[in-house]
Amino acid sequence: MTGGPALTTRPAGRHALLVELPDAEHTAAFHAEVLRRRATGALPPVEEIVPGARTVLLDGVSDPQALARALTGWEVPRSAGDDGDVVEIPVRYDGPDLADVAALWGVAPDEVAAHHTSFTYRVAFCGFAPGFGYLTGLPPRFHVPRRATPRTRVPAGAVALAGPYSAVYPRSTPGGWQLIGTMPDPGPLWDPARQGAALLTPGTRVRFVTADGGPTGGTE
């Protein structure tokens, strides 16, 4: 791979290949390259492409061994990070963990919104619940740990942080992430009646904006 160590591959059943990469950045770049090659007809038939935190599963492959050999010769450029439309998520920064996150960041609680809205995020992968996207884009200084004691119920629309990720809960579930705000109407995150039920799919760029026309902060 261009700009990083080589990928590794493992068989996943008779017709699937699990590609392992060293970090989230290389995973995003490899996933983007897989999609680009499929769009241009340069990828052998693959039924499903499923990115993870540091893996990409290629399922429905007729000859996984041949594809694994081909992947070792790929040149994978680093992801540009600035391509594609941006989905805006309105947020009221009223979460119960806002003060705790502010303390971890070394800022005042009323400054969390300005920092959180100053970055452009990208959906690295989806999981946990339908429509739940793991968004990367927070610099390391803003990474926070999960709560020591998870909540038995996190409301739909909760905007949350854990480790390097931001997320919005599309439905009410248990959860251990730090809650910093609320998306007033989380319905669009997962709409089974819509073609493409998930609003946030892998590769989607995301910006958080303060709800009700509030300030969004400057660029970090």
Side-chain angles (χ1 to χ4, degrees), residues 24-25 27-36 38-39 46-57 59 79-95 97-98 112-113 115-138 142 146 151 153-214 216-217 219:
E25 180 183 0
T27 303
F30 178 79
H31 178 236
E33 181 66 9
V34 170
L35 296 180
R36 186 192 70 79
R38 182 168 68 171
V46 174
E47 292 182 5
E48 192 170 8
I49 301 167
V50 184
R54 295 185 180 181
T55 61
V56 177
L57 177 68
D59 196 12
S79 179
D82 58 357
D83 56 327
D85 295 333
V86 176
V87 173
E88 289 193 346
I89 302 293
V91 182
R92 292 194 305 263
Y93 285 89
D94 57 1
D97 300 320
L98 191 69
V112 170
H115 287 291
H116 191 242
T117 57
S118 66
F119 305 106
T120 299
Y121 301 81
R122 184 177 292 273
V123 182
F125 58 97
C126 297
F128 177 62
F132 190 101
Y134 289 74
L135 279 59
T136 56
L138 274 178
F142 294 111
R146 286 173 167 79
R151 292 180 169 88
R153 180 183 179 277
V154 174
V159 178
L161 306 176
Y165 302 113
S166 290
V168 188
Y169 283 74
R171 61 172 64 179
S172 177
T173 65
W177 292 36
Q178 307 278 0
L179 308 184
I180 62 171
T182 306
M183 181 182 181
D185 177 15
L189 292 172
W190 180 256
D191 181 0
R194 181 179 60 207
Q195 184 176 6
L199 178 65
L200 304 180
T201 56
T204 301
R205 299 172 67 213
V206 177
R207 293 279 297 190
F208 293 100
V209 298
T210 52
D212 304 321
T216 60
T219 301

To the nearest 0.5 Å, how far apart are [atom1] in [X] and [atom2] in [Y]?
X    : Y    : atom1 : atom2 : answer
F208 : S166 : CZ    : OG    : 5.0 Å
M183 : L189 : CE    : CG    : 4.5 Å
R122 : L200 : CZ    : CG    : 12.5 Å
Y134 : F125 : OH    : CZ    : 5.5 Å
I49  : F30  : CD1   : CZ    : 9.0 Å
R205 : R207 : CZ    : CZ    : 8.5 Å

Provide the closest heavy-atom pair for [X] versus [Y] in the form atom of the first, atom of the second, distance.
X    : Y    : result
T136 : A124 : CG2-CB, 3.8 Å
P90  : P184 : O-CD, 3.4 Å
A162 : R146 : CB-CG, 3.7 Å
A198 : G131 : CB-CA, 4.3 Å

Hey, can you pull the donor-acceptor pairs under 3.5 Å for the side chains in residues 168-182, sequence neighbours left out?
unit_1, atom_1, unit_2, atom_2, d
S172, OG, R153, NE, 3.2
S172, OG, V154, O, 3.3
Q178, NE2, P145, O, 3.0
T182, OG1, D94, OD1, 2.9

Side chain to side chain contact (heavy atoms under 4.5 Å, CB included) evaluation trace for V91 with V209: CA-CA 6 Å; V91 182; V209 298; over 6 Å; no
Would a 4.5 Å heavy-atom cut-off, applied to side chains only, mark [X] and [Y] as touching?
X    : Y    : value
V56  : V50  : no
D59  : E47  : no
T201 : V123 : no
V87  : L199 : yes
Y93  : T210 : yes

Atom CZ of R36: over 12 foreign heavy atoms under 6.0 Å: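 Counting neighbours around CZ of R36, more than 12 heavy atoms of other residues, nucleotides or ligands fall under 6.0 Å, so yes.
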Residues in side chain to side chain contact (heavy atoms under 4.5 Å, CB included) contact with D185, at least two apart in sequence or another chain: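 Here the qualifying residues are P188.
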Y121-H116 aromatic ring centre distance below 6.0 Å: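 Centroid separation for Y121 and H116: below 6.0 Å.
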Validation row, ring centre F119 to ring centre F142 under 6.0 Å: yes
Criterion salt bridge (Lys or Arg N to Asp or Glu O under 4.0 Å) on R151 and D97, from CA distance to verdict: CA-CA 12 Å; R151 292 180 169 88; D97 300 320; 2.9 Å; yes
